[in-house]
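Here, residue 1 is the first one in the sequence, and each next residue gets the next number.
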Amino acid sequence: IVKEVEEFLSGKMGKALRLPMPERHTKMKELRDGLMAHFKDKIGQEDFEDNKNQYSEAFAYVANKDVRIGILGEGESQPK
């Protein structure tokens, strides 16, 4: 599931999300909602409900990985 989520989010994160906190949270919510709708349509309501938490956790994993890459790779400072 993580690989599927990474593929879906490919090109949708990174610098596109390096925004002030309120805008970043709005964009992240839009991405998460879009991801959940995509996989619900792709695998069907019943299978999606059985795996909803895994998709949510995969999104969080990929999002956190993207933040770390931004901090380390782009020189952003960590929040205090």
Roughly how far, to the nearest 0.5 Å, is the CD atom of E4 from the CG atom of L9?
11.5 Å
Are V2 and L31 connected in a single hydrophobic cluster, I mean Ile/Leu/Val/Met/Phe/Trp/Tyr linked by side-chain heavy atoms less than 4.5 Å apart?
yes
I'd like to know if I1 and I43 are part of one continuous hydrophobic network [Ile/Leu/Val/Met/Phe/Trp/Tyr, side-chain heavy atoms within less than 4.5 Å].
yes
Pairs in or reaching into residues 26-38: which pass salt bridge (Lys or Arg N to Asp or Glu O under 4.0 Å), with residues at least two apart or in two chains?
K29-D33
Between the OG1 atom in T26 and the CG atom in L19, the distance rounded to the nearest 0.5 Å is 9.5 Å
Sorted by chain and number, sequence neighbours left out, side-chain hydrogen bond (donor to acceptor under 3.5 Å, both in side chains) with K12 holds for none
Using a strict cut-off of less than 4.0 Å between a Lys/Arg side-chain nitrogen and an Asp/Glu carboxylate oxygen, indicate whether R18 and D66 qualify as a salt bridge.
yes
Is Y61 reachable from L35 through a run of I, L, V, M, F, W or Y residues, each pair having side-chain heavy atoms under 4.5 Å apart?
yes
By side-chain contact (heavy atoms from CB on, under 4.5 Å) - contacts of P22 (at least two apart):
P20
Please name all residues satisfying ring pair (Phe, Tyr, Trp, His ring centres under 6.0 Å) with Y55, sequence neighbours left out, ordered by chain then number.
F39, F48
Residue pairs meeting side-chain hydrogen bond (donor to acceptor under 3.5 Å, both in side chains), one or both in residues 35-44, sequence neighbours left out, come to K40-Q45
Please answer: with hydrophobic residues joined when any side-chain heavy atoms are less than 4.5 Å apart, are M13 and V67 in the same cluster?
no
Does any pair with a residue in residues 45-61 pass salt bridge (Lys or Arg N to Asp or Glu O under 4.0 Å), and if so which ones, sequence neighbours excluded?
none
